[in-house]
Amino acid sequence: MTSATIIGAAGGIGQTVAAEFVARDLFDELHLVDLRTNLLEADRIDLSEASVAAGHQPPHITVEDPHSALHALGSSDFVVCAATLGEKPGQSRSSFAQVNWELLISLVPLISQVAGEHGTVLLVTNPVDAMAERLAREETIPRDRIIGYSVNDSTRLRVAIAAEVGVEPDRVQAHALGVHGEQLVPLYSGVRIDDEPVELDAGQRQRIDTWTEGWFARWHELKSGRSSIRSTAAGVASVVRATRSGAELPLSVSTDSVDFLPSSAFIGLPTSFAGGSAAVSDAFECTSEEKAALVEAATAVRDLAGQLGRG
Ligand SMILES: NC(=O)c1ccc[n+]([C@@H]2O[C@H](COP(=O)([O-])OP(=O)(O)OC[C@H]3O[C@@H](n4cnc5c(N)ncnc54)[C@H](O)[C@@H]3O)[C@@H](O)[C@H]2O)c1
């Protein structure tokens, strides 16, 4: 029996992740947790019937609010946390982080309980690196069982490289590491097409950087009122598959095992899994310039996490 718990399951990300898990038949049991249980009940019916329509056995789906979940739920193999408070326009990164950490700290007993001894916890709630580091500092869940979801920046980098060199994105392997935003580190030294290393010149890199750095401004101009729910849900499903296959993905993980990085931080690094535990990939290599940028990113996360109190 495989089981997942999604906290914040009535939100844009949570609902779409649940739908992706069901469509891909990834778990036998799915536990949906949110304050908005009426939405979850509607989803429970819809998701079960979606399974039938898709021609497979529906998972066993339960619905809980965060309080009842503490009494009702046992441990899950995979725990997704996408619970959030809305980001206010113009709000500083540190103020948004503090507000979301205050929400997350109230959920730590539940997250720890559903993670149990062996579950993997995937944080999606932003700012994901500081949230993951701060959760690890609570010491209720081992560091290597906590990961932050940070695949989207690499997806966008792959799309931009593909457009620049004129190939399909699925032929491009590339990781955007570090921290989402100003401390993102596109790992140009590791770009591959069809598994062959590729050297991009300065002009190409600049055009790619301009496109990726402008992604959010272009998204906001659309005024959709939602985040990138579909690509995030597809990415979360790929994390589940990676925990089972051991495939490498760019995810936010603890820096503690990486010699050249300051410890007590989480940043995006190439990650592999063994038995549900995350580790930075053995084959990870980068230039001295990329190392320096990653050190800067880890330092910023460590400092931000240090500012987040217990609420
Ligand atoms: N890491 C990434 O790459 C990435 C990508 C997209 C979005 N995000 C982040 O994911 C988070 C979720 O985004 P969204 O668009 O789904 O937001 P949303 O506002 O649509 O959903 C948030 C949900 O959290 C629930 N919630 C609030 N307090 C709760 C509590 N105490 N217990 C349980 N549930 C609670 C709300 O009821 C709501 O359903 C945000 O922080 C967003 O910035 C991260």
Side-chain angles (χ1 to χ4, degrees), residues 5-20 31-43 62-70 72-73 79-89 91 93 95-114 121-135 146-157 175-181 184 212 215-216 219-220 224-239 249-253 266-268 271 301 311:
T5 297
I6 304 174
I7 303 172
I13 299 288
Q15 278 189 41
T16 325
V17 166
E20 190 81 12
H31 306 291
L32 308 179
V33 181
D34 202 291
L35 300 168
R36 302 186 293 170
T37 48
N38 61 322
L39 288 181
L40 297 184
E41 282 296 351
D43 252 351
T62 70
V63 164
E64 304 290 344
D65 66 43
H67 309 290
S68 66
L70 263 178
L73 297 185
V79 181
V80 180
C81 181
T84 200
L85 296 172
E87 190 170 2
K88 298 197 181 90
Q91 189 173 22
R93 185 162 173 265
S95 152
F96 179 55
Q98 182 60 40
V99 165
N100 258 352
W101 173 246
E102 283 167 22
L103 166 64
L104 217 58
I105 187 82
S106 71
L107 291 170
V108 167
L110 175 62
I111 297 172
S112 309
Q113 174 177 311
V114 291
V121 176
L122 179 70
L123 281 181
V124 184
T125 306
N126 274 325
V128 73
D129 311 274
M131 291 296 130
E133 170 57 29
R134 195 59 189 79
L135 178 62
I146 301 172
I147 39 178
Y149 177 80
S150 60
V151 176
N152 293 1
D153 284 314
S154 294
T155 305
R156 290 165 198 156
L157 177 63
H175 288 337
L177 304 180
V179 178
H180 176 71
L184 195 69
T212 52
W215 192 94
F216 261 92
W219 180 268
H220 280 298
S224 66
R226 65 167 176 85
S227 55
S228 48
I229 51 176
R230 298 187 211 295
S231 52
T232 305
V236 170
S238 71
V239 179
L249 276 181
L251 290 165
S252 187
V253 285
F266 270 63
I267 60 168
T271 302
V301 171

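Both ligands and their constituent atoms are indexed starting at 1 by order of listing.
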Between the candidates [options], which shows the shortest non-hydrogen contact distance to [atom]?
atom                    : options        : answer
atom 10 (O) of ligand 1 : V124, L40, T37 : V124
atom 23 (C) of ligand 1 : N152, V33, D34 : D34
atom 29 (C) of ligand 1 : V236, L32, L35 : L35
atom 30 (C) of ligand 1 : L103, T84, V17 : L103

Say whether, by atom type as modelled, one donor and one acceptor occur between the side chain of T5 and the main chain of V79 under 3.5 angstrom.
no
Looking only at atom types and distance, does a side-chain atom of S150 sit under 3.5 Å from a main-chain N or O of S252, one as donor and one as acceptor?
yes
Which of the numbered atoms in ligand 1 are under 4.0 angstrom from any heavy atom belonging to [X]?
X    : result
G8   : 24 (O), 34 (N)
T232 : 5 (C), 6 (C)
Y149 : 1 (N), 2 (C), 3 (O)

For the residue pair [X] and [Y], what are the closest heavy atoms and their distance?
X    : Y    : value
I13  : A82  : CG2-CB, 3.9 Å
L32  : A18  : CD2-CB, 4.0 Å
Y149 : G235 : OH-CA, 3.3 Å

What residues, two or more places apart in sequence or in another chain, satisfy side chain to side chain donor-acceptor pair (under 3.5 Å) together with Q113?
none
Can A82 be said to touch ligand 1, with heavy atoms closer than 4.0 Å?
yes
Does ligand 1 have any atom sitting under 4.0 Å from a heavy atom of P66?
yes
Should we count CZ of R230 as having more than 12 external heavy atoms under 6.0 Å?
no
To the nearest 0.5 Å, how far apart are OG in S154 and CG in L251?
8.5 Å
Got the closest protein heavy atom to [atom], with its distance?
atom                    : answer
atom 26 (N) of ligand 1 : A83 CB, 4.0 Å
atom 15 (O) of ligand 1 : S227 OG, 3.1 Å
atom 20 (O) of ligand 1 : G12 N, 2.9 Å

4.5 Å side-chain heavy-atom contact, T155 and S231
no
Give yes or no for whether the N/O distance cutoff of 3.5 Å, strictly under, is met between [X] and ligand 1.
X    : result
G11  : yes
I13  : yes
N126 : yes
S150 : no

Applying a heavy-atom cut-off of 4.0 Å, say which part of L107 lies close to ligand 1: side chain, backbone, both or neither.
side chain
Let me see the working for N152 and T232 under side chain to side chain donor-acceptor pair (under 3.5 Å), right down to the final yes or no.
CA-CA 7 Å; N152 293 1; T232 305; 2.9 Å; yes
Parallel, tilted or perpendicular for H220 and F216, by the 30°/60° rule?
tilted
